[in-house]
Amino acid sequence: MSQYNFLTRRLLFKFGLGALVGFGTVSTAKSILLNRRLQALDNPHRDFTVTEHCSLKECARKKGLIYGGSARYEQLIEDRQFAEQFIQESGILVPEWELKWSAGNKLLRPGPDEFDFSAADGMADFASKNNLLFRGHTLIWHESLPKWFQEVVNYDNAKQIMEHHIKTVVGRYAGRMHSWDVVNEAIAYDPIKSKRADRLRETPWLKFLGPDYIDLAFRIAAAADPKAMLVYNDFGVDYGDTMSRVKRQAILDLLKSLKEKGTPVHALGIQAHLKGDSNYFYPKSLRQFLREVAKLDLKILITEMDVIDKKLPAAIDVRDRIVAGAYEDYLAVVLDEPAVIAVITWGLSDRYTYLSEYHPRTDGKSVRPLPLDTTLKHKLAWNAIARSLNHSTYRP
Ligand code: XIL
């Protein structure tokens, strides 16, 4: 090997080693900074004491509010301990799967002309037997669609298929529903990148029916059940980052346009899947958004609240405090808006949360996003929700 090549290889080796050490130093520095940021989210002295002893359902009712959760039919019929706790804490039941076209192991729509209402009927009966309000989720969405949908639905039959679905499903429970999420997540996931002025999500419904599919869905639902509150449901409006700001504006524009058309939309559903590690919670921008929605003569429901803890420290005491703080900080803002009528968590207990699958922790530890732990005991998150309800103003 020539002297030149030898020197070159040594230089490359040293550069490579230097780069590795440098990279290692940078990544170590990054993880130290991240840990410091996350620890800063924790306030070991924050007070989560609850002075009024009531279930979340009762705390809410005393203020003219509704508190409740989503659940799966199998959880309610196979886990008696959970079902009893759910009845005690919740004033409203939302099927997590059973009123979607197809979700989990449930298939409401086995075929273009078929419906299987067995699970949905079971949940409606569970709600009425236990004096729970019943909420439908969701009629028109781009997800949870059965396999045949893509093969069957086209420009010629999309309207008929939408009408048939909504009339049949809403009609079956007419008079029994508190509310329906008629259309879910119609705004683009990243509205900044959307090529559309209305920033609508490119879904099969938009493709086959155009932007008026939203108005059409609400009109069909209103005709099928004039008593139900009809809700437009979406996520990603909670924080101060640019994407959230653009999404808030896109949702406001959509709601204004629907109201101008005379669309029978009665409320906005805000999913509120919060990020426990976020530093971008700006109360003022969220509060202003809620005020502007209310000005459209719309009610507001928090429809799927939980706190994603996947990036939070492993220590349970720290994690639970940060999660509880996120609940209480957020609810302090939303419950200040009189148009907010309900707080619904996406699940009630860490024993059953979709975040275990959709936002698992990299350290393999169980996630802890909900008011009750896996043994159904109250967590600080429960205290945070109870305190928020107890501190809110009465809704007449
Ligand atoms: C989720 C369910 O929890 C999952 O079990 C299912 O696999 C997918 O849907 N926003 C929504 C809900 O509107 O319908 C989603 O529920 C969670 C995000």
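In listed order, ligands and their atoms are each counted from 1. Quick caveat: nothing in here was measured; it's all calculated off a predicted structure. All residue numbers in this chain count up from 1 along the given sequence.
- Between the Ser194 side chain and the Arg196 main chain, a donor and an acceptor come within less than 3.5 Å of each other.
- Under the 4.5 angstrom side-chain criterion for Ile, Leu, Val, Met, Phe, Trp and Tyr, Trp97 has no cluster partners at all.
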Only distances under 3.5 Å count here; give the side-chain donor-acceptor pairs of residues 145-156 to other protein atoms, sequence neighbours excluded, each with its distance to 0.1 Å.
| residue | atom | partner | partner atom | Å |
| --- | --- | --- | --- | --- |
| Trp148 | NE1 | Arg109 | O | 2.8 |
| Asn154 | OD1 | Asp156 | N | 2.8 |
| Asn154 | OD1 | Asn157 | N | 2.9 |

Given salt bridge (charged side-chain N to carboxylate O under 4.0 Å, His left out), test Arg291 with Glu337 step by step and report yes or no.
CA-CA 7 Å; Arg291 208 173 274 119; Glu337 170 50 60; 5.3 Å; no
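- Grouping Ile, Leu, Val, Met, Phe, Trp and Tyr by side-chain contacts under 4.5 Å, direct or through others, puts Ile341 with Met229, Val231, Leu301.
- Ligand 1 lies under 4.0 Å from heavy atoms of Arg72, Glu96, Trp97, Lys100, His137, Trp141, Asn184, Glu185, Gln271, His273, Glu304, Trp346, Tyr354, Tyr358.
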Check step by step if side chain to side chain donor-acceptor pair (under 3.5 Å) holds for Asp225 and Tyr173.
CA-CA 8 Å; Asp225 185 356; Tyr173 303 105; over 6 Å; no
